[in-house]
Amino acid sequence: MSTSHRGRTVLDDPLRNKGTAFSRAEREALGLAGLLPSAVETIEAQAGRAYAQYRAQPDDLLKHVYLSALQDRNEVLFFRVLGDHLREMLPIVYDPTVAEAIKAYSHEYRRPRGVYLSIGDVAGIEDAFRNFGLGADDVDLVVASDAEEILGIGDWGVGGGAGIAVGKLAVYTAAAGIDPGRVVPVALDVGTDNASLLNDPFYVGERHARVRGARYDEFIDAFVSAISRLFPEAMLHWEDFGPSNARRILRRYADALPTFNDDMQGTGAIVLAAVLGACQVAQTPLREQRIVVFGAGTAGVGVADQLRDAMVRDGLDQEEAVRRIWAVDKQGLLIDDMPDLRDFQALYARPSAEVSGWDRGAAGIGLGEVVKRVKPTMLLGTSTAHGAFTEEIVRSMAAGVDRPVIFPISNPTDRIEAMPADLLRWTDGRALVATGIPVDPIVHDGVTHDIAQANNALLYPGLGLGAIVARARRISDGMLRAAAEAVGGMVDVSAPGAPLLPQVENLRAVSATVAVAVAGQAAEEGLARAEPGNLVQRVQDAMWQPAYPPVSG
Ligand SMILES: NC(=O)C1=CN([C@@H]2O[C@H](COP(=O)(O)OP(=O)(O)OC[C@H]3O[C@@H](n4cnc5c(N)ncnc54)[C@H](O)[C@@H]3O)[C@@H](O)[C@H]2O)C=CC1
Ligand SMILES: CC(=O)C(=O)O
Ligand SMILES: [Mg+2]
């Protein structure tokens, strides 16, 4: 690596800064003599100190703040420490603590990271990217969020967009070795409907209600055009958009550039991987499952779509597959004569005649009644409704099936539909559980249950790496399927209590395996612009490592 910078500006560049690890020769060449204490340290020594400082932070939010500051000083060291303590630190950098950091963004704000685009300045979009300083061939990946539906915590304005894009990108690098110097986090600031932000004197975003309609669409359009023009090779990842925009935006741009929506497609694919594992344990093929999706929003319907397509591959026709899925939302079981169905929910609405004799409360046909009538084998939670999988509902489900598959995957912790220890207790250890948040192993009746983390973080880094290695023109359904099957193929679910997905410690191997499968699929579908060659080697070679390169002047 070389730099034309000298002196303090070298130390201020987190992608080049090595701090006390600059050698004497580098210090001489880069004008650093006298700007650092005399010891020349190894990265191991620096990482040991950083870890001790991290451990000394009194709570998770301050641990997050500490790691953000480390990333702002020295990216290699940040990723080294994160990689060395992945299981411990992923929940701090990412889900669930990232939710706390997002809520506190304007109060903890110290320095910017990435690109902030405001709906009030559409004309300035290209300039903003130019000011960021990367050229046409310098960007592999852009992660963008308008923060309308951050995890399960709702609208968090500019801090939500910036915080989630940065958090997702940290996982991309830690998990799949995406080069942190070749990515751009983007906060799309269209205002916020969050009154606590609008009335917070520290709030650093656009201080007006969320803009919707034609102006919003023009803003998104200008953003996508700028990306396509300025960074023609880059992949675009959409994160945490609201349900009225997520699918619409994806549809609009899916054929124009390599792009995907993580909440719909990444989540759908990781849940499919876990479901395939659960089918093996339960010894019941997917096409015979009865699946209730609780929370039919962006993620819930994304999951339903992936499961439907997998059932079709498993031998059902489209109609039969759809009929094996029951979707429940705020208004209860979705029924085709409901006036307030969203367009993307309509496919899963049951014919009203089918449910005419079912019990209805003020909020429609509730989850309890659905479980009683449907006798589901799988219950998937993407509702943000904490505690919605009650003991009564879970016991009722477990009475009808030997191995109830129950995935409360809403994030963060205070949105989860049920805690895994309760699910195991209420089902006498029979439940096959996966959650969105990380959960410690649970001992029930002498068996240790490793709870799979069905979080898109296990999938999207490898998907992105595979697409980047292939220089994919598009992200196809086939590439998502290949990713899901690759993750599913990496676990042995045969032992009692075994997790349904690979463990977080294996994230690098998982991501590399996913990337090979995705890049191979892209090539097979004629979507790869790069020659396939030896994909295993190409994926390994493409993975950035947190080690200091020599820096010359
Ligand atoms: N584990 C993972 O990888 C992922 C988990 N999620 C989680 O899924 C949840 C939903 O996220 P999105 O789909 O993006 O949000 P969304 O807002 O698009 O969907 C939530 C849906 O749940 C419904 N809902 C809310 N309260 C309900 C209740 N009491 N009963 C029934 N339905 C109810 C809403 O009407 C909406 O349709 C969040 O907690 C999010 O963190 C989302 C993406 C990935
Ligand atoms: C994990 C994730 O993408 C979400 O909860 O929104
Ligand atoms: Mg998300």
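One-based numbering, in listed order, for ligands and for the atoms of each. Hydrogens, waters and symmetry mates play no part in the numbers below; they use all other heavy atoms, side chains included.
A distance of 9.5 Å separates CG of L151 from CZ of R415, quoted to the nearest 0.5 Å.
Using a 4.0 Å cut-off between charged nitrogen and carboxylate oxygen, R350 and D337 do not count as a salt-bridge pair. Taking a cutoff of 4.0 Å between a charged side-chain nitrogen and a carboxylate oxygen, E392 and K372 do not qualify as a salt bridge. Taking the charged nitrogens against the carboxylate oxygens, R252 and D221 do have a contact shorter than 4.0 Å, which makes a salt bridge. D329 has no carboxylate O lying under 4.0 Å from a charged side-chain N of R342, or vice versa, which leaves the two without a salt bridge. We find that D262 and K168 are joined by a salt bridge, their nearest charged nitrogen and carboxylate oxygen being less than 4.0 Å apart. Taking 4.0 Å as the cut-off between side-chain N and carboxylate O, R210 and D146 count as a salt-bridged pair.
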Once you restrict both partners to nitrogen or oxygen, which atoms of ligand 2 have a protein partner under 3.5 Å, and how far apart are they?
from, atom 1, to, atom 2, distance (Å)
ligand 2, 3 (O), K168, NZ, 2.9
ligand 2, 3 (O), E239, OE2, 3.0
ligand 2, 3 (O), D263, OD1, 3.1
ligand 2, 3 (O), N456, ND2, 2.9
ligand 2, 5 (O), N411, ND2, 2.8
ligand 2, 6 (O), D240, OD1, 3.1
ligand 2, 6 (O), D263, OD1, 3.0

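Counting non-hydrogen atoms of neighbouring residues, nucleotides and ligands closer than 6.0 angstrom, the CD atom of E391 exceeds 12 such neighbours. Applying the 6.0 Å contact sphere to CZ of R251 captures no more than 12 heavy atoms from other residues, nucleotides or ligands.
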Evaluate Y348 against W326 for ring-ring contact (aromatic ring centres under 6.0 Å, His included), listing each step before the verdict. CA-CA 7 Å; Y348 297 101; W326 287 259; over 10 Å; no

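Checked against the Mg ion (ligand 3), the N, O or S atom of D263 at the shortest distance is OD1. Of all N, O or S atoms in E239, the one lying closest to the Mg ion (ligand 3) is OE2. Taking the Mg ion (ligand 3) as reference, D240 places its N/O/S atom OD1 nearest.
Considering only heavy atoms from C-beta on, F344 stays 4.5 Å or farther from D305 through its side chain.
Contact residues of ligand 1 (protein heavy atom closer than 4.0 angstrom to a ligand atom; sorted by chain and number): E149, L151, G152, P243, D263, T267, F294, G295, A296, G297, T298, A299, D329, K330, T382, S383, T384, A385, I409, S410, N411, G436, A454, N455, N456.
Checking E149 against the Mg ion (ligand 3), every N/O/S atom stays at or beyond the 2.8 Å cut-off.
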